[in-house]
Amino acid sequence: MREYLIKRIIIIILLIWTIVTVNFVLFRMIPGDPVRLLFFDPRITAEAQKKLASNFGLDKPLYGQYFIYLSNLVKGDWGKSFLYREPVLGIVTKRLFNTLILLVPAVLLAVIIGNLLGVIAAWKRGTKIDTSILSFVLICWSLPAFWLGIVLIIVFINIFPISGMTSVGSEYLSIFQQIKDVLYHMILPLVTESIVLVGEYTLIMRGTLSEVLTEDYITTAKSKGFGDFYILRNHAVPNAMLPMITLIAINFGLIVGGAIQVETVFSWPGVGRLMYDSIMTRDYPVLQGTFLVVAIAVVLVNFMADILYPYFDPRVKLK
Amino acid sequence: MNIINIRDLKVFYRTHKGKLRAIDGVKFSLNKGESVGMVGESGCGKTTLALSILKLLPPRGYIEDGNIFYKGEDLVQKSEREMRKIRGNEISIVFQGAMNSLNPVKTIGEQISEGLLLHTNMSKVEAFDKAKESLISVGISPDKLIEYPHEFSGGMKQRVMIASALVCDPQLLIADEPVTALDVMVQAQILELLNRLKQEKKLSLLLITHDLSVVAETCDKIVVVYGGKILEYANIEDSLLHPYSKELFRSFPNINGPRILSKGILGTPPNLINPSRGCRFEPRCNQSLKICVKEEPRLIEVCDQHFVACHRLKTSGA
């Protein structure tokens, strides 16, 4: 186990280093001179331009810039946003926090409801209940998030806030009041994202569970005298949960990337919205920072899933 | 005393081509402490009969008619809830292919003891102790209780299944092909185990197999089934009289005989959706009479406790 962990951590470090390098190269490949782009002002003298370039290390050859980039990353200096004139790391962390507030509950809700529906559908397979659940989730799954968001806005415009995280210009008497306001703003985007995600979980759960229910060990459990509910809870669902762990881990990576559509429709200040805005305004440092955060999050969550897997399935051993 | 008494049982499967008559009027009984071997080709209703006794038929299967008396009570009339009290507690079953009959993510101990927790008031610790005993009785070290099925060999898994089926001290054990697909050494071990348990626990045994040598080694009686019907029911010492039983017997190589491959029985088992009016075995029988096509033979007692369903025996007087 210890040996496995050490090996995996080394691989993760190498992986993140590769991501950083690709990230660096990708942005150097974008055409255009950053100095001219940044300080395009005829009043700036050539000498001043040169000085600015050396301030940013842009007068150094590419490998020199690469080492500056690496050492700054490690030091926590991820550059400054062109648009906000603030350190990138701060902006990304703040946005990541906002995204997690919205998406962790949304995904949890989708996982819980999706699994529940999936279990019911598999249990009542071939009945009207199964068909209804199946049709419902297929419709949910096919809905584009931006369209559903707009529909919900039209329907609930007078009931729930439709934009942002907090009411504009509000001052709060206490932290609880602020939390309440954020929760209130969260309702529509949360519902939208959950509806869009629920289909996938339902279909996967229904599929794996109906397969598990035909396994011989289910008949064995019946022959011991157990009822349907016990068998579902103790023999069928735990086994059907195994592919779910992988799916949740993969989706968690997507969560960190933010839900661009939902965050844009509801003006939620999360990572997805940040990425969208940065592309529109060519805010390269921020874009670079977001890419890095998302990539690292995906790597780490998958690592966690791998570590957890043996606890759910004793056949898997870490070597 | 009868422990199981099956009367005119009919079990059908719904298929898109019509009703499949998997068991069509089966009648036999099993005494307490007795062991019966049921033999026949694949697809002739052996497993269906086993599943009917426990009412564990797949969704498409149903009991059309007849009774299954267990200690005088008709299981066919019992509700699902009542059946659950009997399954695993009074009547246990060991399924074909133990490889998949154990849950891969639960320990052997959990799987053996869960039946005890359901049917008795034992605490978890007591149930685990009983599971340990049960595991020892099938010749597996009790430290293996905390291991998972994938850490066991096929023969060991089969023995675990037997331990788990017997842990609640049932009256009747149905063993569906308990030694099929196992190597000969393991087969011998398991049959010996069944024999021992039969004597120690006064267990009644219904052994389903297509291996006649297995029946000869473990059973008191033999039932030959074909096309959903019983063709012959005899004591193990009696020589079999039905043409099908004889052919079945002949399909087995004789250890002292010449080294030739058995021809087998030509033809295939009958279509059970639209069975013929006559004897089910008639199309493949080399001794068929005119009457065999038209009329179905009834099971008649040719000598003490030996029943055969064949027109030829009736006319020739056995």
Side-chain angles (χ1 to χ4, degrees), chain A residues 1 115 119 121-131 205-206 208-246 305-319, chain B residues 47 50-51 53-60 79-108 110-120 146-151 157 160-161 164-168 170 173-174 176:
Chain A
M1 181 72 188
N115 281 333
V119 169
W123 189 16
K124 303 275 175 196
R125 193 175 172 190
T127 63
K128 275 187 185 143
I129 300 173
D130 179 28
T131 322
M205 190 61 186
R206 180 182 176 275
T208 22
L209 189 60
S210 357
E211 209 167 286
V212 168
L213 284 175
T214 64
E215 293 279 351
D216 287 347
Y217 55 80
I218 300 295
T219 321
T220 306
K222 275 187 200 154
S223 79
K224 285 178 184 169
F226 289 107
D228 284 349
F229 188 70
Y230 177 93
I231 292 172
L232 267 183
R233 207 183 49 150
N234 289 282
H235 287 283
V237 175
N239 294 43
M241 278 306 284
L242 297 175
M244 200 51 76
I245 297 167
T246 314
D306 284 350
I307 299 271
L308 284 178
Y309 214 88
Y311 290 98
F312 295 98
D313 189 347
R315 286 168 296 183
V316 177
K317 284 223 173 78
L318 301 179
K319 266 186 209 134
Chain B
T47 301
L51 293 174
I53 294 175
L54 283 164
K55 296 224 285 182
L56 281 174
L57 289 165
R60 286 176 185 285
S79 69
E80 174 67 17
R81 191 174 285 269
E82 288 169 310
M83 280 310 294
R84 278 187 212 149
K85 290 200 183 105
I86 291 173
R87 288 179 199 142
N89 192 20
E90 308 221 7
I91 305 175
S92 276
I93 185 164
V94 176
F95 287 108
Q96 199 170 348
M99 311 293 159
N100 310 316
S101 296
L102 289 164
N103 189 334
V105 305
K106 290 191 157 233
T107 62
I108 297 302
E110 284 175 287
Q111 296 190 55
I112 297 179
S113 61
E114 66 174 355
L116 283 169
L117 295 175
L118 176 73
H119 294 296
T120 64
I146 50 162
E147 287 186 11
Y148 290 92
H150 67 275
E151 294 164 284
K157 279 191 222 171
V160 168
M161 288 308 293
S164 147
L166 293 175
V167 75
C168 292
L173 178 70
I174 303 170
D176 189 357

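Naming: A, B, ... by sequence-line order, numbering from 1 per chain.
- Of the two parts of B:Met161, only the side chain, counted from C-beta on, holds a non-hydrogen atom closer than 4.5 Å to a non-hydrogen atom of chain A.
- Within 6.0 Å of atom CG in A:Leu308, more than 12 heavy atoms from other residues, nucleotides or ligands are found, so the atom counts as buried in its surroundings.
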Could you list each donor and acceptor atom pair linking chain A to chain B at less than 3.5 Å?
unit_1, atom_1, unit_2, atom_2, d
A:Tyr217, N, B:Asn100, O, 3.2
A:Thr220, OG1, B:Ser101, O, 3.0
A:Ser223, O, B:Gly88, N, 3.1
A:Lys224, O, B:His119, NE2, 2.7
A:Lys224, NZ, B:Gln111, O, 2.6
A:Lys224, NZ, B:Glu114, OE2, 3.0
A:Tyr230, OH, B:Glu114, OE1, 2.8
A:His235, ND1, B:Asn103, ND2, 2.8
A:His235, NE2, B:Glu114, OE1, 3.0
A:His235, NE2, B:Glu114, OE2, 3.0
A:Asn239, ND2, B:Asn103, OD1, 2.9

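- Legend: residues meeting side-chain contact (heavy atoms from CB on, under 4.5 Å) with A:Pro238, ordered by chain and number and at least two apart, are absent.
- Annotation: maximal heavy-atom pairing with chain A below 4.5 Å, among B:Pro104, B:Pro149, B:Cys168, B:Pro170, occurs at B:Pro104.
- Taking chain A as the reference chain and counting heavy-atom pairs below 4.5 Å, the highest number among B:Ile86, B:Val94, B:Leu102, B:Ile93 is found for B:Leu102.
- In this structure, chain A has a heavy atom under 4.5 Å from the side chain of B:Leu56, while its backbone stays farther away.
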